[in-house]
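Notes to accompany the following structure.
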Amino acid sequence: MQNPEYDAIVVGSGISGGWAAKELTEKGLKVLMLERGKNIEHIKDYVNATKGPWEYPHRGGRTRAMEELYPVLKRDYPLNETNLDWWASDKDSPYTEVKRFDWYRGYHVGGRSLMWGRQSYRWSDFDFEANAKDGIAVDWPIRYADLAPWYDHVEKHAGINGTHENMPQLPDGQFLPPMQLNCGEQAVATIANKKFGPHRRIIPGRSANLTQAHAGRTQCQFRDACWLGCPYGAYFSTQSSTLPPAMATGRLTLRPWAIVTEVLFDKDKKRATGVRVLDGLTNKTTDYTSKVVFLCASTLNSAWLLMRSATDVWPGGLGSSSGELGHNLMDHHFRAGAGGRLEGLDDKYYHGRRPNGFYIPRYRNLFGDKRQYLRGFGYQGGAGREGWGRGVAELGVGGDFKDAMSLPGEWTIGATAFGEMLPNHANMVSLDQTKKDKWGLPVHKIDCATGENERLMRRDMQVDMAELLEQSGVKDVNVYDAGSFPGMGIHEMGTARMGRDPKTSVLNSHNQVWDAQNVFVTDGSCMVSTACQNPSLTYMALTARAADYAVQELKRQNL
């Protein structure tokens with residue numbers, strides 16, 4: 001049977017893929033969205049969303065058997081029984097680490113849009129101009145003005161809560177009412193913002209959690225269980241926010257268990273003709289045709305797919321003519337900061353379980369400040385009262401101990417910094433043809449490490465937070481550096497960077513592959529640098545912008 005031809009194929013259904021499907025269908029295109037993993041239906045398949053810890057066999061923890069099955073996932077918090085089914089199997093989808101790289105993936109409809117941290121910050125021209133000013137890598141081919149209307153566009157639909165701060169390094173946006181700081185955070189912020197302002201100050205975090213009903217979705221219930229799926233649709237995910245309007249057009253076809261193995265390329269027309277798909281359940285191969293292809297499979301998987309495509313024209317794959325495909329892999333480095341104890345608030349508490357905290361935007365190497373390193377970092381943190389877990393180390397017994405554990409503990413406050421990682425051609429992903437996954441496909445070979453610039457930055461990431469806390473009256477302040485390997489931040493970026501010159505970049509200013517103008521790449525692989533803000537909001541804006549451009553070019557018959 002002849003497969004239908006589509007106007008557009010979207011590979012991947014996470015944050016970028018969901019936006020591509022929504023924008024393209026709403027602009028009149030017939031779209032096929034392909035997801036390599038299983039389907040997860042909104043609400044129905046959030047099977048653990050309303051469970052209490054006591055309802056899990058191991059109280060939400062992990063077992064020895066789980067650690068054996070997930071040798072990578074066990075390195076950090078993702079390995080637990082509450083949503084283990086939403087993380088990709090290390091056994092089925094292995095990869096090769098030349099250097100340690102902690103790759104935490106979600107292979108299902110919605111991808112990591114179901115598990116993300118939801119922190120949503122705009123970039124500024126300090127970020128888009130940084131490479132050019134520092135002589136690092138290549139210049140971004142766009143500036144804030146190019147993306148500002150698209151930030152507006154995606155924020156209005158996704159629903160971002162926040163405050164208007166008029167800080168040049170962190171542009172304001174189209175915000176819903178903020179999730180206010182709790183009294184402990186506000187007490188520190190009041191002092192710190194006077195002492196360290198105006199550029200270094202504590203503000204409420206900006207997150208993709210609804211603080212009021214919006215776009216057919218219900219406001220956040222302050223359950224802080226977002227990683228289990230939200231039955232209220234109160235945080236942005238593909239399932240709650242972008243898939244429903246795309247489906248409502250009647251122009252979207254969604255196919256789960258569809259592993260895209262190659263972008264099909266016509267070397268005479270210099271255009272992609274569609275994609276080749278391996279059925280994840282039956283191992284049957286099917287070709288689908290389309291006028292444009294959007295790669296939104298995530299940073300490493302989009303690079304993997306490009307490297308497997310058009311190899312009869314370019315041995316390194318589609319988009320490799322510059323020699324940059326697969327290179328310049330980046331992530332944020334974090335897990336360094338400080339914390340301490342708050343006094344004078346023993347009669348104060350807070351309402352609910354707010355799924356957010358405070359934010360301190362970047363201030364280093366800005367506004368006349370000059371460090372030994374380039375770029376900077378921002379802090380994410382929070383304050384709260386200790387719970388019953390504080391008593392575990394004492395192994396207490398008896399009625400008095402139980403009574404004490406039923407009461408709130410001391411107030412604590414702390415923050416971890418997220419630092420920028422510089423692009424480096426030597427940090428890369430390639431294909432390991434000697435090792436296969438469950439479906440017989442070559443796996444990723446990742447060679448990536450932080451460098452001296454990041455090492456120098458990590459000292460300030462600790463002492464700066466300690467200084468702010470101490471001078472704001474926080475007691476018993478301790479600094480920490482728990483170590484950070486690439487991948488742990490789950491903010492992979494690079495491998496198919498945008499640029500101004502096809503000789504030094506994979507994509508142009510509209511996210512088109514230089515070598516195939518009807519192929520667009522809008523996930524993290526397109527990034528030229530990392531800034532220090534969470535990147536997902538920028539992926540959304542870049543995707544919406546590229547989709548609009550693709551439709552215009554189709555109408556002009558340029559694709």
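Atom CG of Asp481 and atom NE2 of His333 lie 10.0 Å apart (nearest 0.5 Å). With values rounded to the nearest 0.5 angstrom, Arg217 atom CZ is found 4.0 Å from Ser240 atom OG. Going from atom CZ of Arg251 over to atom CD of Glu26 covers 8.5 Å, rounded to the nearest 0.5 Å. We find the OG-CD1 distance between Ser120 and Ile15 to be 7.5 Å, quoted to the nearest 0.5 Å. To the nearest 0.5 Å, the span separating OG1 on Thr416 from CE on Met465 amounts to 10.0 Å. From Leu176, atom CG reaches atom CD of Gln212 across 5.0 Å, with rounding to the nearest 0.5 Å.
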For this session: Could you walk me through whether Glu35 and Ser13 pass side-chain hydrogen bond (donor to acceptor under 3.5 Å, both in side chains), step by step?
Result: CA-CA 6 Å; Glu35 166 55 51; Ser13 63; 2.7 Å; yes
Exercise. Could you go step by step and tell me if Thr211 and Asn161 meet the side-chain hydrogen bond (donor to acceptor under 3.5 Å, both in side chains) rule?
Worked result: CA-CA 7 Å; Thr211 51; Asn161 71 77; 5.4 Å; no
Exercise. Where do Asn80 and Thr82 land on the side-chain hydrogen bond (donor to acceptor under 3.5 Å, both in side chains) test, with the steps shown first?
Worked result: CA-CA 6 Å; Asn80 65 80; Thr82 65; 2.4 Å; yes
For this session: Test ring pair (Phe, Tyr, Trp, His ring centres under 6.0 Å) on Phe175 and His164 and set out the steps.
Result: CA-CA 8 Å; Phe175 298 140; His164 290 85; 5.1 Å; yes
For this session: Could you walk me through whether Gln239 and Asp45 pass side-chain hydrogen bond (donor to acceptor under 3.5 Å, both in side chains), step by step?
Result: CA-CA 11 Å; Gln239 274 84 345; Asp45 290 332; over 6 Å; no
For this session: Would you please test Asp127 and Arg122 for salt bridge (charged side-chain N to carboxylate O under 4.0 Å, His left out) and show each step?
Result: CA-CA 10 Å; Asp127 306 306; Arg122 294 189 180 202; over 6 Å; no
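No more than 12 heavy atoms of other residues, nucleotides or ligands sit less than 6.0 Å from atom NZ of Lys402.
Scanning both residues, Asn356 and Gly205, for their nearest heavy atoms gives ND2-O, 3.0 Å. Considering every non-hydrogen atom in both Trp116 and Arg118, the closest pair reads O-NH1, 2.9 Å. Nearest approach of Cys448 to Phe101, heavy atoms of both residues: CB-CD1, 4.0 Å. The shortest non-hydrogen separation linking Thr96 to Val443 is OG1-CG2, 3.9 Å. Of all non-hydrogen atoms in Leu73 and Pro78, the two that sit nearest each other are CD1-CB, 3.5 Å. The minimum heavy-atom distance linking Thr522 with Ser16 is given by the pair O-OG, 3.4 Å.
Side-chain contact between Pro231 and Arg223: present, with at least one pair of heavy atoms (C-beta onward) separated by less than 4.5 Å. Leu114 places a side-chain heavy atom less than 4.5 Å from the side chain of His108. Side-chain contact between Cys296 and Met33: absent, with no pair of heavy atoms (C-beta onward) separated by less than 4.5 Å. With contacts defined as side-chain heavy-atom distances shorter than 4.5 Å, the pair Glu165/Tyr359 does not qualify. Residues His214 and Gln219 form no side-chain contact, since every pair of their non-hydrogen atoms from C-beta on lies 4.5 Å or further apart. Side-chain atoms of Met179 and Pro355, non-hydrogen and from C-beta on, do get closer than 4.5 Å to each other. Using a 4.5 Å heavy-atom cutoff, the side chains of Leu431 and Trp304 are in contact. Side-chain atoms of Lys30 and Thr253, non-hydrogen and from C-beta on, never get closer than 4.5 Å to each other.
Among Arg62, Met66, Glu68, the single residue meeting the side-chain contact (heavy atoms from CB on, under 4.5 Å) criterion with Arg64 is Glu68. Of the residues listed (Phe236, Tyr151, Trp19), the one engaging His157 in a ring-ring contact (aromatic ring centres under 6.0 Å, His included) is Trp19, and it is the only one. The only option from Thr261, Asp287, Thr285, Thr286 that meets the side chain to side chain donor-acceptor pair (under 3.5 Å) definition with Arg276 turns out to be Asp287.
Side chains of His444 and Asn301: a donor on one and an acceptor on the other come within 3.5 Å.
Remark: Cys526 engages Met498, Leu507, Asn511, Leu542 in a side-chain contact (heavy atoms from CB on, under 4.5 Å) (not counting sequence neighbours).
A salt bridge does not link Glu67 to Lys74: none of the charged side-chain nitrogens sits closer than 4.0 Å to a carboxylate oxygen. Under the 4.0 Å criterion applied to side-chain N and carboxylate O atoms, Glu185 and Arg354 are assigned as salt-bridge partners.
For Trp103 and Tyr95, the distance between ring centers is under 6.0 angstrom.
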